[in-house]
Protein chains: 2
Amino acid sequence: MKTTIKDIARQVGVSQTTVSLAFRENSRISAATRQQVLEVANRLNYTPNLTARHLRCGKTRSIGMLVNDITNPFYALMVRAAAKTVARHGYELLITDSQWNPDKEIRELKKLIESRVEGILACFCEKTDEGFTLLERYNVPFLALDTYPKGFKGPFVANDLIDTGRLAAEHLAEAGCRHPVFFTAEQEMAHFSSFLIIEREFGRILNERGIEFDAGHVISAGLTIASGLEALMKLWKKDRTVDGIFCANSLCALGVIEAGDRLGIKVGRDLAVMGIDDLDICELSRISLTAIRQLYGQLTEMAATSLIDCLREKRPLTVRLSLKPELIVRESSRLKINHAKSRLVAPNISSILDPERVTASGKV
Amino acid sequence: MKTTIKDIARQVGVSQTTVSLAFRENSRISAATRQQVLEVANRLNYTPNLTARHLRCGKTRSIGMLVNDITNPFYALMVRAAAKTVARHGYELLITDSQWNPDKEIRELKKLIESRVEGILACFCEKTDEGFTLLERYNVPFLALDTYPKGFKGPFVANDLIDTGRLAAEHLAEAGCRHPVFFTAEQEMAHFSSFLIIEREFGRILNERGIEFDAGHVISAGLTIASGLEALMKLWKKDRTVDGIFCANSLCALGVIEAGDRLGIKVGRDLAVMGIDDLDICELSRISLTAIRQLYGQLTEMAATSLIDCLREKRPLTVRLSLKPELIVRESSRLKINHAKSRLVAPNISSILDPERVTASGKV
DNA sequence: TTGAAAGCGCTAACAC
DNA sequence: GTGTTAGCGCTTTCAA
């Protein structure tokens, strides 16, 4: 059995209260008794039982975090940022993963609530409203992170998806694409509000510039290398006029490049490829993938901070914030430049060379 | 304030026990009362307080997991596998991250102990013995995962590092390398037992085959793309005889390839490059990096299962298991073949094409 | 400066 | 089937 405060009290010959007090700085305990208590505690290998403390105090000093896929570098980055931020304020982070499964999302959220986390940072998988309805119902302070469900009225810190769509459209238009397509997530996810927002703005800007784009130019490619590869293979069989592909993430774009290589398409010259999420490897000269960088670390830090601030001050959460993404142009989409001057520009390698860079793939 | 069992009891007009019992399947409660209780519970938005339950029951049904860097795809993969396995047995997973910092490792382990996890899956950062000494002292069942500290007498499930070193040495020797080097982790990590074991076996096999290899052929390159890039840049300035580089991970190897490209070295023909950890992108034909695949998912699943089994049966943990790694040969190291027959072999693309493949980079 | 008593929300043992 | 009682380990009054 684990040593408790009682055991120590008995050994030292003081009350439980005294022992409890001895573990806190500048409480009204004499230096001598504190000394004794700490000694015995150490000898008996005592560690406080947080379960008991939390029950008694009525709060857990913990924040829950829900992500869709912990093995995705961006969620991992967010988790890391959240853990750090939360720890700085004396909180724990309970991490859970829905695996894009709405049922699991609900189950995980319930468990967090039952664990009595004081607040939740939630990346909803957005297939239903159940997730945030649940949190609202049980009255748990929460914040939507990275993206938020359609029509969501609550607090969020997210990436600016309209801007994302716009940047992509403008870039491809300027690169000289006349037949761009959007490779969105797989069928089941393609109707998530985040992808739809990007798609709509992407199309709107293209149309504005006189480039044809409608539902027929949206392809449920998926979000993995394998699915991007397959999607271009399939597309190319029936349509070889495509000259630009905007992928919903960079993994998909890597698959598209691979397919291009196998099909003998000159990526960057005859076909512009770009993705969302700037992975480290996008910078390799062999890849050199144009990507829209989202600031996941900052995003999460801001979210966690404002959640904890509100918790502290017992204010309701009101933050609704969209972070601007950044376009990183590389070789995979220099159609116009290459056509015009046939000149290669050195890829942007600054960040790869910077060992201090916060990285999604990290170390070992 | 949150609804408690008491509130429900009062509303329904039964005792707390009855309410408590009503939430369990086939307890001795009448269908009618259960019905009532559940109804009221639902109306009052009741959720059980796990903190209280755990305190009362004296166990938390939770397992702690310590990794060195949650943003590293392999640790993320392990976390995912652990969470799944543990959940299947009705346990929770508390995830923490030492960030390769031994002090943080201790702090995090202490927090897990205080949270009264029933067992711990630990990837020790190995800078000191403090981590496992602590766990032994507080008598927490634990398992070293992925790697284990030098001279470690306790239970572990790890990759076979001797085999890893051997596979690399044999492969480079057979590829025809006469001047191979080992790019190990950065200075501060290079003396970790895992890297040392790999290094020693790598050298031993090379020597056995009459290839020169000593401490001078070990370079503290680091484990990131940036550091691999820099390391080869530096090395090439003073030594151009190197014809094979075995990197402690694949990210480093990607950096090496990048450096090779920039320096005009023909990677795969004049310089063989290989790494440990087979990332998805290693399979892209633009990269085609030879790598030693470690089975992180299986590793973790086995560890978690045996931990929980022992917990259940109150047996002490005794497992000491090393999993065999697998060599995946690709274009980056086909020196001999290329020299001899100048023939390119199609890269192994099977796994990329398999959408079911468990992947480190995952979706979105 | 210390101690006694109460209680956080729940469950287990036992009585009815 | 249901209720009573006690107690998990801790902290927080309040009294001494």
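Note that the coordinates shown come from a computational prediction; the quantities given were computed from them, not determined experimentally. Letters A, B, ... are given to chains in the order of the sequence lines, protein chains preceding strands, and every chain is numbered from 1.
Judged purely by atom type and a 3.5 angstrom limit, B/S98 uses its side chain to pair as donor or acceptor with the backbone of B/W100. Formation of a donor-acceptor pair under 3.5 Å by the B/D7 side chain with backbone atoms of B/T4 is found in this model.
Regarding contacts with the backbone of D/dT2, a side-chain N or O of B/T33 is found under 4.0 angstrom from either OP1 or OP2. Between C/dT1 and A/T18, no contact under 4.0 Å exists linking OP1 or OP2 to a side-chain N or O. The side chain of B/K59 contributes no N or O atom lying less than 4.0 Å from OP1 or OP2 of D/dC8. Side-chain N/O atoms of A/S15 include one lying less than 4.0 angstrom from OP1 or OP2 on C/dG3.
A straight line from CZ of B/R28 to P of C/dA12 spans 11 Å, rounded to a whole angstrom. Atom-to-atom, CG of B/D7 to P of C/dC8 comes out at 11 Å; the value is rounded to the nearest Å. The CZ-C1' distance, from A/F23 to D/dT11, rounds to 13 Å in whole Å. Rounded to a whole Å, the CD1 atom of A/I5 is 19 Å from the P atom of C/dG7. At whole-Å resolution of the value, CD in A/Q16 and P in C/dA4 are 10 Å apart. In this structure, CZ of B/R56 is placed 13 Å from P of D/dA6, rounded to the nearest angstrom. Residue B/R53 contributes atom CZ, which lies 15 Å from atom P of C/dG9 at whole-angstrom precision. The nearest whole Å value for the distance from the CG atom in B/L50 to the C1' atom in C/dC8 is 15 Å.
Between the side chain of B/T17 and the base of D/dT4, at least one donor-acceptor pair of N or O atoms lies under 3.5 Å.
Residue A/T51 is out of contact with every strand shown, counting any heavy-atom pair closer than 4.0 Å. Nucleic acid contact for B/R24: sugar-phosphate only, since backbone atoms but no base atoms lie under 4.0 Å from a heavy atom of the residue. Contacts of B/Y46 with the nucleic acid, taken as non-hydrogen atoms under 4.0 Å apart, involve only primed sugar atoms and P, OP1 or OP2. B/I29 comes within 4.0 angstrom of the backbone, heavy atoms only, and of no base. Residue-level contact check: B/L21 touches neither bases nor backbone, having no heavy atom under 4.0 Å from any strand. Heavy atoms of A/K2 sit nowhere under 4.0 angstrom from any nucleic acid atom.
Aromatic pair B/Y148/B/F124: ring centres not closer than 6.0 Å.
Using a 4.0 Å cut-off between a side-chain N of Lys or Arg and a carboxylate O of Asp or Glu, B/D69 and A/R80 qualify as a salt bridge.
For the pair A/R61 and A/Y91, the cation-pi criterion (under 6.0 Å, within 45° of the ring axis) is fulfilled.
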